[in-house]
Amino acid sequence: MRRRSLLIAVPTGLVTLAGCGDDESDTSKAGDSASPAASESASAAPPPKIVDGPLPAITAGTKFGEKPTVAKGSGDPSKQLAVKTVIAGGGKVVAEGDFILANYLGQLWDNAKVLDNSYDRKAPLLTQIAQGSTMEGWRYALTGKKAGSRVEFSVPPTWGFGKAGNPQVGVKGTDTLLFVFDIEDTFTAKSSAKGKDVAQDDADLPKVGTNTDGKAPSIDIPKAGAPTKLVANYVIEGDGEELKADSTVLVQYKGVIWDTGKEFDSTYSSGKLTSFSLQQVVKGWAQGLTGKKVGSRVLIVIPPKLGYADSPPAGSGIKKDSTLVFSVDILAKM
């Protein structure tokens with residue numbers, strides 16, 4: 001299993017966005033795990049003042065995407081949030097509520113002990129920049145930065161793990177943390193697939209709209225009977241990495257019931273992207289998306305045996321043994 005980060009935590013009682021160990025404890029949300037939570041006092045802190053420094057030098061790995069080596073802090077760190085854009089990118093601006101795809105390194109201010117980094121895992125972090133979803137110091141430091149940027153910043157306990165610290169990773173309640181982030185991309189509720197349209201020639205299958213304006217695509221159900229086997233076809237074929245059976249993905253999707261064409265779930269309607277491990281969804285989703293490329297829009301038709309069968313979620317409006325139809329935009333993978 002892929003090792004996950006120990007550093008990201010949210011207030012007590014809320015799920016974390018990254019944890020340690022096997023992914024077996026994941027839920028359908030991105031990276032949910034049992035990693036230690038930040039204290040209530042840290043989560044309830046007022047917004048910090050953003051200051052220029054002090055911040056230690058990056059002594060090696062100075063290019064975007066390279067694993068950085070960062071000197072230890074000199075003197076006392078700021079009691080506010082010290083933030084520096086080391087490399088200015090020209091991509092989209094990260095806004096509150098966005099998901100970002102980024103490589104990062106985190107270490108202690110006092111001794112430069114590296115606590116975690118995604119560079120060695122060769123798997124960038126996928127996380128939402130929102131209150132209650134990630135460390136408050138990350139939220140304040142990264143909001144307003146552009147994709148393609150390298151950002152260095154320090155996080156005092158107030159906007160980190162609070163007075164309790166994080167014993168699991170060796171962080172005391174008095175420790176200031178230092179981070180370097182390479183922001184690869186950012187995704188909003190208006191993000192869509194990017195690629196080439198693929199012909200939809202089978203008259204017995206639903207037709208999915210190819211608009212990429214952030215609005216929900218149409219799904220037109222044919223008069224033919226529902227297929228008895230799983231269908232997973234490109235509507236738009238992207239050129240990104242192929243998903244693996246254990247990939248964590250960020251998606252836009254819309255789901256309708258074959259018999260009625262009625263929508264029962266949609267990120268477009270909720271205005272919120274969703275992220276999950278392919279190991280934690282119904283078999284039809286897992287099998288249908290495995291092997292598909294990031295950037296793609298995929299039509300998935302799920303027969304009952306690979307969906308909810310005779311146990312649909314309460315209140316979903318899905319009847320027993322329903323065939324489900326989804327349009328899924330694969331925005332990113334972790």
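Predicted model, so just to flag it, every value in this text is computed and none were measured.
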Rounded to the nearest 0.5 angstrom, the CG-OG1 distance for L250 and T248 is 10.5 Å

Minimal heavy-atom distance between K244 and S247, with the atoms involved, is N-OG, 2.8 Å

**Prompt:** For the side chain of W109 and the backbone of V155, is there at least one donor-acceptor N/O pair under 3.5 Å apart?
**Reply:** no

Nearest heavy-atom contact between S118 and N103 is OG-OD1, 2.7 Å

Any heavy-atom pair between the side chains of P157 and T176 that's under 4.5 Å? yes

Contacts table for residues 208-215: side-chain donor-acceptor under 3.5 angstrom, sequence neighbours left out:
| from | atom 1 | to | atom 2 | distance (Å) |
| --- | --- | --- | --- | --- |
| N211 | ND2 | D213 | OD1 | 2.8 |
| N211 | ND2 | K215 | O | 3.0 |
| D213 | OD1 | K215 | N | 3.1 |

dist L125:CG -> I100:CD1 (nearest 0.5 Å) comes out at 6.5 Å

- Please say whether more than 12 non-hydrogen atoms of neighbouring residues, nucleotides or ligands are located less than 6.0 Å from CG in N111. yes

Result for side chain to side chain contact (heavy atoms under 4.5 Å, CB included) between L105 and one of D116, L178, N117, I58 points to N117

In this structure, CG of N166 is separated from CG of L115 (nearest 0.5 Å) by 8.5 Å

Are the side chain of S296 and the backbone of V298 linked by a donor-acceptor contact shorter than 3.5 Å? no

Here the side-chain hydrogen bond (donor to acceptor under 3.5 Å, both in side chains) pairs for residues 250-261, sequence neighbours left out, are Q252-T267, Y253-D265

Sorted by chain and number, sequence neighbours left out, side chain to side chain contact (heavy atoms under 4.5 Å, CB included) with A71 holds for P56, T59

- Below 4.5 Å, heavy atoms only, C-beta onward: do K292 and V328 meet side chain to side chain? no

Residues at least two apart in sequence or cross-chain that pass side chain to side chain contact (heavy atoms under 4.5 Å, CB included) with K283, listed by chain then number, are Q287, L306

**Q.** Check: Q128 side chain, G97 main-chain N or O, donor-acceptor pair, under 3.5 Å
**A.** yes

Given the options L177, I50, L142, V180, F153 meets side chain to side chain contact (heavy atoms under 4.5 Å, CB included) only with L142

So OH of Y140 and CD of E96: to nearest 0.5 Å the spacing works out to 8.0 Å

Value for OH (Y104) from CH2 (W138), rounded to nearest 0.5 Å, stands at 4.5 Å

Between Y234 and K293, is any pair of side-chain heavy atoms under 4.5 Å apart? yes

Rounded to the nearest 0.5 Å, the CG atom of L289 sits from the CG atom of L243 at a distance of 6.5 Å

Residues passing the side chain to side chain donor-acceptor pair (under 3.5 Å) test with E152, sequence neighbours excluded, are none

Using a 6.0 Å cut-off, check whether atom CG of D202 has over 12 heavy atoms from anything other than its own residue.
yes

Residues 176-189 vs salt bridge (charged side-chain N to carboxylate O under 4.0 Å, His left out), sequence neighbours excluded, gives K92-D185, R150-D182

| query | Do I302 and L230 have side-chain heavy atoms sitting under 4.5 Å apart? | reply | yes

Sorted by chain and number, sequence neighbours left out, salt bridge (charged side-chain N to carboxylate O under 4.0 Å, His left out) with K172 holds for D175

ask   = With side chains defined as the heavy atoms from C-beta onward, is the minimum distance between L205 and Q200 less than 4.5 Å?
value = no

Applying side chain to side chain contact (heavy atoms under 4.5 Å, CB included) to K146 and not counting sequence neighbours gives V93, S149

Hits for side chain to side chain contact (heavy atoms under 4.5 Å, CB included) against S311, two or more places apart or cross-chain, chain-then-number order -> none

**Item:** Within-4.5 Å side-chain heavy-atom neighbours: Q80 and P48
**Value:** yes

Sorted by chain and number, sequence neighbours left out, salt bridge (charged side-chain N to carboxylate O under 4.0 Å, His left out) with D204 holds for none

Residues pairing under side-chain hydrogen bond (donor to acceptor under 3.5 Å, both in side chains) where one sits in residues 320-334, two or more places apart or in two chains, turn out to be R297-D329

**Request:** Return yes if some donor-acceptor pair links the side-chain N/O of S316 with the main-chain N/O of P313 below 3.5 Å, else return no.
**Result:** yes

I'd like to check T127 versus S133 (side-chain heavy atoms, cut-off strictly below 4.5 Å). Are they in contact?
no

Correct closest heavy-atom pair for A141 and V151 would be O-CG1, 4.4 Å

E66 meets the salt bridge (charged side-chain N to carboxylate O under 4.0 Å, His left out) criterion, sequence neighbours left out, with none

Note: T158 and A45 closest approach over all heavy atoms is CG2-CB, 3.5 Å

Could you check whether any side-chain heavy atom of F179 comes within less than 4.5 Å of a side-chain heavy atom of M135, counting everything from C-beta outward?
yes

